[in-house]
Structures are given as C-alpha cells and as structure tokens.
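Every chain is numbered from 1, with letters handed out A, B, ... down the list of sequences.
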Protein chains: 2
Amino acid sequence: MKLTSKGRYAVMALVDLARFDNINPVSLRDISLRQGISLDYLEQIFSKLRKKEIVQSIRGTQGGYILKRKAKEIKLTNIFDAVDEKVKTVQCKKESKKGCNGKSTKCLTHNLWDELENHINNFFEEKSLEDLVKDNSERRI
Amino acid sequence: MKLTSKGRYAVMALVDLARFDNINPVSLRDISLRQGISLDYLEQIFSKLRKKEIVQSIRGTQGGYILKRKAKEIKLTNIFDAVDEKVKTVQCKKESKKGCNGKSTKCLTHNLWDELENHINNFFEEKSLEDLVKDNSERRI
DNA sequence: TATAAACCTGAGTAAAATAGTCAAGTATAT
DNA sequence: ATATACTTGACTATTTTACTCAGGTTTATA
C-alpha cells in the first residue's frame with residue numbers, strides 16, 4: 001500500500017497555495033519552483049482540483065489559482081478524491097450478491113477491509129488544509 | 001493509495017489456515033481451492049511468511065503449513081511486513097539533512113505523512129489474526 | 001493592439017510495479 | 001516406489017505511474 005505522487009503533490013501544492021492565497025492568485029509556475037514539481041504535472045493536477053471546485057482559476061497575465069472554499073472546509077478527503085487517490089482495499093464491494101473472488105459468500109476478510117477503509121478515511125476527513133497551514137507556520141516560529 | 005493483492009491474499013490465506021490449523025497441517029492446494037488464489041502465487045507468498053516465522057512448513061505427503069506463533073500474537077503489521085506491503089507515504093525519510101524533493105528544508109507536508117503512517121500502522125498493530133478468525137466465526141452463527 | 005504570462009487539454013510514453021506463470025527441483029508419508 | 005506437497009528462481013504480460021509534449025485559449029498591460 002502506498003500513496004502516489006499525485007496525491008502528495010496535490011496536497012503540497014495546495015498548502016503552498018493556501019499560504020499565499022490571501023494576497024493574489026498564485027501561479028502554477030511559482031508553485032512549481034517553490035515545491036519542485038513539474039509545471040506540466042501541476043497543470044494536470046489543478047485541472048482536477050478545479051473540476052471538483054477546490055480551486056478556482058483566473059486566466060491571463062497575473063492570473064493563477066485561488067482556493068474556491070475556505071481552507072478550513074477543504075479536507076484531505078476532498079483533495080484525494082479530486083485526484084483519484086482513493087483508499088481502495090478490495091474489489092468486492094458493489095457486487096453485493098456475488099461476494100468476493102467469484103465465491104458465493106463474502107471473503108473471509110471482507111469486513112476487515114471495510115474497517116481499514118473507514119479508519120483511513122476518518123483521518124482524511126478530519127484533517128483540513130487549514131490544519132496543515134497552521135501546523136506549518138507554527139513550526140516556523 | 002491501494003492495497004495490493006499480495007497483501008490481501010496473504011491475510012485471506014492465513015485466516016483460512018488459522019481456522020484449520022488445530023487439526024492438521026493445511027496444504028496450499030486446499031487454500032488455493034477454497035480461496036480461489038493461484039497455487040503458484042500462494043507459494044511465493046508463503047515462502048515470505050515462512051522466512052518471517054509466521055508459518056512453519058511440513059514437507060511430504062500430508063504436509064502443509066501450520067502457524068508458527070499463536071494467532072493472537074500474529075498482528076496484521078507482521079503479515080504486511082512479511083510480504084513487503086508497507087505503508088509508504090513519502091520518500092523523504094532517511095535523508096534527514098537533505099529534506100524532501102532536494103530542498104534544504106522538510107517539505108510542507110512532511111509531518112502529515114508521518115502522522116498518516118502512524119494512524120494506519122496503529123490499526124495494523126492492534127488487529128491480530130485471532131481477531132479475524134473470531135470475527136468470522138461469529139458471523140457464521 | 002501586440003505580446004507575454006498564464007491557464008487549458010489531450011495524447012503519448014518510458015519506467016516501474018503488479019500479479020502472476022513456468023520449470024525444475026527436494027523431502028517424506030504411505 | 002510414488003504421489004503429495006513444499007522450494008526456488010527466472011520469466012513475462014499487463015497495468016499503473018509519473019510524467020512530457022504539443023498544441024491551444026484567455027486576458028492584463030505596455
């Protein structure tokens with residue numbers, strides 16, 4: 001089990017964005033330079049974040065991105081969801097009748113994966129972008 | 001982020017094994033049939049489980065595998081560790097001086113990933129094979 | 001109004017990881 | 001003897017990841 005770069009980059013970029021957001025739109029170029037993430041890749045990521053209404057774009061010179069919601073209201077779960085980084089523990093969810101692995105009953109560990117998913121999602125649902133920004137500025141003092 | 005088949009299969013197979021363990025060694029062939037997992041793949045997985053002393057092998061006819069430790073003492077974390085399924089959130093851990101992404105400071109989200117890792121590992125450390133077996137037999141009644 | 005900064009989009013692709021298969025063994029109960 | 005079952009290592013197709021590339025469109029400002 002691992003976290004992919006896309007998810008990590010999304011969070012890093014948003015924390016960066018959230019710190020400068022109050023003043024002006026933040027360009028991806030700046031984020032790219034500050035965080036060391038490829039500009040092209042950032043564009044892909046922000047395209048998804050925009051579609052899920054986490055950020056808003058402002059085109060043209062001096063343009064960039066701003067947060068569409070308050071940092072407090074953007075949870076990690078929203079971010080991961082936007083970039084398709086989901087906690088996917090097991091394939092056997094929708095097919096409630098068929099069960100797992102083509103067997104007629106639920107697999108022996110079915111409930112376990114459900115529990116695990118909940119456990120991880122809890123963490124993601126509690127943590128907001130604001131928490132991360134605060135956490136960071138505190139450590140700077 | 002996702003769990004791989006190897007980790008899921010390992011847990012499924014061990015739950016299966018733990019349920020029959022008291023009587024006789026359990027052959028991989030039986031597990032393969034019951035759980036619908038390829039025999040060859042199971043062999044790879046059990047080779048790792050054996051090296052980490054989670055199971056013990058008994059060769060020859062009527063052979064198979066038995067648990068090397070009590071089900072209560074086998075935690076999910078041991079299983080995932082054995083099959084190289086680790087919670088890997090971020091690359092920037094060892095290089096304590098260099099920081100992340102080649103920058104001179106820790107990346108903005110460094111602490112977050114640490115926290116997440118701990119959160120997930122807590123779950124894995126608390127859950128034992130015995131819990132899973134019990135959970136399963138209870139639901140059968 | 002020209003131009004450059006910045007967003008926007010889709011296609012393509014190299015490298016890595018995953019999920020196995022295959023082949024050729026060795027050990028042992030019966 | 002022999003069949004059952006563990007043991008090992010190499011191999012491979014597929015999928016996923018982590019990007020790059022090539023072309024746009026929009027708009028502030030000089």
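The CZ atom of Arg59(A) sits 5 Å away from the C1' atom of dT25(D) (whole-angstrom rounding). Per the geometry, CG belonging to Asp40(A) stands 16 Å off P belonging to dG24(D), to the nearest Å. For the pair Leu33(A) CG and dA5(C) P, the interatomic distance rounds to 13 Å; values are reported in whole Å. Taking atom CD1 of residue Ile66(A) and atom P of nucleotide dA6(C), one finds them 16 Å apart after rounding to whole Å. Residue Arg50(B) contributes atom CZ, which lies 8 Å from atom C1' of dC6(D) at whole-angstrom precision. dC19(D) atom P lies 14 Å from atom NZ of Lys48(A), rounded to whole Å. Here the P atom of nucleotide dT9(C) and the CG atom of Leu42(A) are 16 Å apart, to the nearest Å. Atoms CD (Glu43(B)) and P (dT21(C)) sit 11 Å apart, rounded to a whole Å.
Listed pair Thr61(A) / dT26(D) fails the phosphate criterion, with no side-chain N or O lying under 4.0 Å from OP1 or OP2. For dC8(C), one of the phosphate oxygens OP1 or OP2 lies less than 4.0 angstrom from a side-chain nitrogen or oxygen of Tyr65(A).
In this structure, Asp84(A) pairs ionically with Lys48(A), as a charged nitrogen and a carboxylate oxygen lie closer than 4.0 Å. No salt bridge links Lys86(B) with Asp81(B); every basic N to acidic carboxylate O contact stays at or beyond 4.0 Å.
Each of Ser47(A) and Gly60(A) was matched to the nucleotide of DNA chain C holding its nearest heavy atom; the match closer to the 5' end belongs to Gly60(A).
In this structure, the nucleotide among dG20(C), dA18(D), dC19(D) sitting nearest to the side chain of Thr4(A) is dA18(D). When each of dC22(C), dC7(C), dG20(C) is scored by its nearest atom to the side-chain atoms of Ser5(B), the top-ranked nucleotide is dG20(C).
A donor-acceptor pair under 3.5 Å is formed between the side chain of Asn136(B) and the backbone N or O of Leu108(A).
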